[in-house]
Peer 1: 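After the structure tokens below, expect a handful of questions from me.
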Amino acid sequence: MSVPRTRHEEVREAVRALCRQYPDAYFRAVDAERGYPEGFVDALTEAGWLAAMIPQEYGGSGLGLGEATVIMEEINRSGGNAGACHGQMYNMGTLLRHGSEEQKRRYLPKIASGELRLQSMGVTEPSTGTDTTKIKTTAVRRGDRYVVNGQKVWISRVQHSDLMILLARTTPLAEVAKKSAGMSIFLVDLRASIGHGMTVRPIPNMVNHETNELFFENLEIPAENLIGREGEGFKYILDGLNAERTLIAAECIGDGHWFIDRVTRYAKERVVFGRPIGQNQGVQFPIAEAHIEVEAADLMRWRACDLFDAHAPCGAEANMAKYLAAKASWEAGNACLQFHGGFGFADEYDIERKFRETRLYQVAPISTNLILSYVAEHVLGLPRSF
Ligand SMILES: Cc1cc2nc3c(=O)[nH]c(=O)nc-3n(C[C@H](O)[C@H](O)[C@H](O)COP(=O)(O)OP(=O)(O)OC[C@H]3O[C@@H](n4cnc5c(N)ncnc54)[C@H](O)[C@@H]3O)c2cc1C
């Protein structure tokens, strides 16, 4: 057994026990009807797992990112999809690290109890994509309100969230010294906003990931919903993204183990040409390779967690963990699908579903190319390419 898997064993066991009540058939049915795993997310909330990172003084368990990643990993390792609820873990962190004491007292206990869900974050825009500093959504201060205009795309879980973290420009790009300045983050009350300046259009997509286009037309947000200082929102968002990347790395590690367990079991049982297919090295090697890569990604995930929990810079480690884990789970998924032959394509084996789910993470929340670019520029000091 690798060293990291012995960490937080109690959390791991408890989450596994909860997940056993939601077997493959449950997630298969939710996927088939493009539904939301409401019962599962409620059970996770009631057990307190989605409030893991909320400090005890605000009603949570006060655990670190390390434990939070174990929760996400075990959901995916059990055959489920933590993508339905992972938003709460990292969005809450933005509020916790940068919100005022009053905001924290107002929202965190309700988030911890499940009365409020903070599952959504609105950053991506259709015309600017990954070039976030060029976002066109604006928030203009008018008295005690901000007035928001613009558009977002791929904003997930809006239908199952009460609150959303929104990134908007408060100072035009042309007026700031540094392009990352002049953006701010707000806590948007979704129920009060939808139909009152905010329109939501769902985007049907390849995975069962509830995601949407958002349109803002003079949406009014109370000025007290600004998080932190005006103009510094990009910095706050980046902090949250390190948690997001590390949590998603753990989900991919969970997927990777799920694929490897399934394919190993099948390769021992499936007999073709008079012997188990797993006796052929052409079958063994891709599985072994994927296993090595999942284990290596796991080590980087723990490095990112330890740094994040120590409040140390962890941008490089969080990005590298997400890169390695997304690649490893995809390789594991490929081997699993390949060596199940035709059966891998049958819904009832769940492989095609998990294959689609894990593929997303090479594009979202950040594409692999952008991680390579980050490492080239910020870790290796190569010249800026954009
Ligand atoms: C299911 C789903 C859910 C999502 N949920 C959310 C959400 O909740 N909130 C949110 O804000 N966003 C969300 N996103 C958006 C996601 O973060 C973006 O799709 C992702 O960051 C890529 O941005 P883009 O789609 O605009 O691609 P683009 O920026 O248009 O890039 C397209 C491709 O070109 C490549 N590329 C671009 N520039 C370069 C370059 N300079 N060098 C090399 N390659 C380059 C990229 O790597 C990418 O592969 C979600 C996306 C999906 C698909």
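Whatever order the structure lists them in is the order used to number ligands and atoms, beginning at 1.
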Peer 1: Using a 4.0 Å cut-off to any heavy atom of Gly129, which atoms of ligand 1 qualify?
Peer 2: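 Once the distances to Gly129 are compared, the set is 26 (O), 29 (O).
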Peer 1: Is the closest basic N to carboxylate O distance between Glu232 and Lys235 below 4.0 Å?
Peer 2: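 Yes, this pair counts.
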Peer 1: Answer yes if a protein heavy atom lies under 4.0 Å from atom 14 (N) of ligand 1, otherwise answer no.
Peer 2: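 Given the 4.0 Å cut-off, atom 14 (N) of ligand 1 counts as touching protein heavy atoms.
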Peer 1: Would you mind checking if Arg353 and Asp350 are paired as a salt bridge, meaning a charged N to carboxylate O distance below 4.0 Å?
Peer 2: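 The answer is yes: the pair qualifies as a salt bridge.
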Peer 1: What protein heavy atom is closest to atom 51 (C) of ligand 1, reported as residue, atom name and distance in Å?
Peer 2: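 It is Trp154 CB, 3.6 Å.
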Peer 1: With atom 36 (N) of ligand 1 as the reference point, say which of Ile203, Leu370, Val153, Val363 has the nearest heavy atom.
Peer 2: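 It is Leu370 that holds the nearest heavy atom.
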Peer 1: Check Arg157 with Glu210, please: is the shortest side-chain N to carboxylate O separation under 4.0 Å?
Peer 2: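 The answer is no: the pair does not qualify as a salt bridge.
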Peer 1: Is Arg106 paired with Glu224 through a side-chain N to carboxylate O contact shorter than 4.0 Å?
Peer 2: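 A salt bridge links Glu224 with Arg106.
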Peer 1: Looking only at protein heavy atoms, identify the closest one to atom 44 (N) of ligand 1 and say how far it is in Å.
Peer 2: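 For this ligand atom, the closest protein heavy atom is Asn369 ND2, 3.0 Å.
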Peer 1: Hey, which atoms in ligand 1 end up nearer than 4.0 Å to a heavy atom of Ile155?
Peer 2: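 So the atoms of ligand 1 that pass are 7 (C), 8 (O), 9 (N), 10 (C), 11 (O).
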Peer 1: May I ask you to decide whether Asp162 forms a salt bridge with Arg117, counting only side-chain N to carboxylate O separations under 4.0 Å?
Peer 2: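 Here Asp162 does not pair with Arg117 in a salt bridge, since their nearest N and O are not under 4.0 Å apart.
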Peer 1: Please indicate, with yes or no, if any protein heavy atom is found under 4.0 Å from atom 4 (C) of ligand 1?
Peer 2: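 Yes, there is one.
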Peer 1: Counting only heavy atoms on the protein side, is anything nearer than 4.0 Å to atom 42 (N) of ligand 1?
Peer 2: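 Neighbour list for atom 42 (N) of ligand 1 is empty of protein heavy atoms (cut-off 4.0 Å).
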Peer 1: Counting N and O atoms only, with roles assigned by atom type, does the side chain of Ser184 sit under 3.5 Å from a partner on the main chain of Gly231, one being a donor and the other an acceptor?
Peer 2: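 Yes; at least one donor-acceptor contact below 3.5 Å.
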Peer 1: Counting only heavy atoms closer than 4.0 Å, does ligand 1 sit against the backbone of Val207, its side chain, both, or neither?
Peer 2: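 Looking at Val207 and ligand 1, no heavy atom falls under 4.0 Å.
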Peer 1: Under 3.5 Å, N or O to N or O, is Glu125 touching ligand 1 that way?
Peer 2: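 Not met; the criterion fails.
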Peer 1: May I ask you to decide whether Glu73 forms a salt bridge with Arg301, counting only side-chain N to carboxylate O separations under 4.0 Å?
Peer 2: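 Result for this pair is yes, salt bridge flagged.
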Peer 1: Thr128 versus ligand 1: do any nitrogen or oxygen atoms come within less than 3.5 Å of each other?
Peer 2: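 No; every N/O pair is 3.5 Å or more apart.
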Peer 1: Should Asn205 be listed as contacting ligand 1, given a heavy-atom distance under 4.0 Å as the test?
Peer 2: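 In this structure, Asn205 fails to qualify as a contact of ligand 1 - no heavy atom is under 4.0 Å.
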Peer 1: For atom 46 (C) of ligand 1, what's the nearest protein heavy-atom neighbour? Residue, atom name and distance, please.
Peer 2: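 Going atom by atom, the protein heavy atom closest to atom 46 (C) of ligand 1 ends up being Ser367 OG, 3.3 Å.
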Peer 1: Checking the N or O distance criterion of under 3.5 Å, is ligand 1 in contact with His209?
Peer 2: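 His209 vs ligand 1: no N/O contact under 3.5 Å.
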Peer 1: Could you tell me whether Arg303 and Asp306 make a salt bridge, using a distance below 4.0 angstrom between a side-chain N and a carboxylate O?
Peer 2: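 Looking at Asp306 together with Arg303, the answer is no, because their closest N to O distance does not fall below 4.0 Å.
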Peer 1: Counting both backbone and side chain atoms, is some N or O of Thr124 under 3.5 Å from an N or O of ligand 1?
Peer 2: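 Min N/O separation from ligand 1 is below 3.5 Å for Thr124.
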Peer 1: Only heavy atoms count here, so choose which of Ile237, Leu167, Leu360 is nearest to atom 52 (C) of ligand 1.
Peer 2: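 Shortest heavy-atom distance from atom 52 (C) of ligand 1: Leu360.
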Peer 1: Knowing that exactly one of Asn81, Asn208, Asp31 qualifies, which makes a side chain to side chain donor-acceptor pair (under 3.5 Å) with Arg356?
Peer 2: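 Passing option: Asp31.
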Peer 1: With heavy atoms under 4.0 Å as the rule, classify the contact between Phe386 and ligand 1 as side chain, backbone, both or neither.
Peer 2: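 Side chain only.
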Peer 1: If we set the cut-off at 4.0 Å for heavy atoms, which region of Met121 has an atom near ligand 1: side chain, backbone, both, or neither?
Peer 2: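 Near ligand 1, Met121 shows its backbone, while the atoms from C-beta on stay back.
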Peer 1: Run the salt-bridge test on Asp255 and Lys354 with the 4.0 Å N-O cut-off and return the result as yes or no.
Peer 2: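 Judged by the 4.0 Å cut-off on N to carboxylate O distance, Asp255 and Lys354 do form a salt bridge.
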Peer 1: Please check: side-chain N/O of Ser193 versus main-chain N/O of Asp189, any donor-acceptor pairing under 3.5 Å?
Peer 2: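 Flag set: sc Ser193 to bb Asp189 pair under 3.5 Å.
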Peer 1: Below 4.0 Å from ligand 1: does a non-hydrogen atom of Pro365 turn up there or not?
Peer 2: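 It does, in that a heavy atom of Pro365 comes within the 4.0 Å cut-off of ligand 1.
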Peer 1: Determine whether the side chain, the backbone, both or neither of Ser156 has a heavy atom under 4.0 Å from any heavy atom of ligand 1.
Peer 2: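 Within the 4.0 Å criterion, Ser156 contacts ligand 1 through backbone and side-chain atoms alike.
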Peer 1: Do NZ/NE/NH1/NH2 and the carboxylate oxygens of Glu57 and Arg105 come within less than 4.0 Å?
Peer 2: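 A salt bridge is present here (some side-chain N lies under 4.0 Å from a carboxylate O).
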Peer 1: Can you check which of Thr130, Val123, Ile371 brings a heavy atom nearest to atom 28 (P) of ligand 1?
Peer 2: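 Going through Thr130, Val123, Ile371 one by one, Thr130 has the nearest heavy atom to atom 28 (P) of ligand 1.
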Peer 1: Using distance alone, with no hydrogens and no angle criterion, decide if Lys322 and Thr246 have a side-chain donor and acceptor under 3.5 Å apart.
Peer 2: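 Their side chains do not contain a donor-acceptor pair, so the 3.5 Å distance test is not met.
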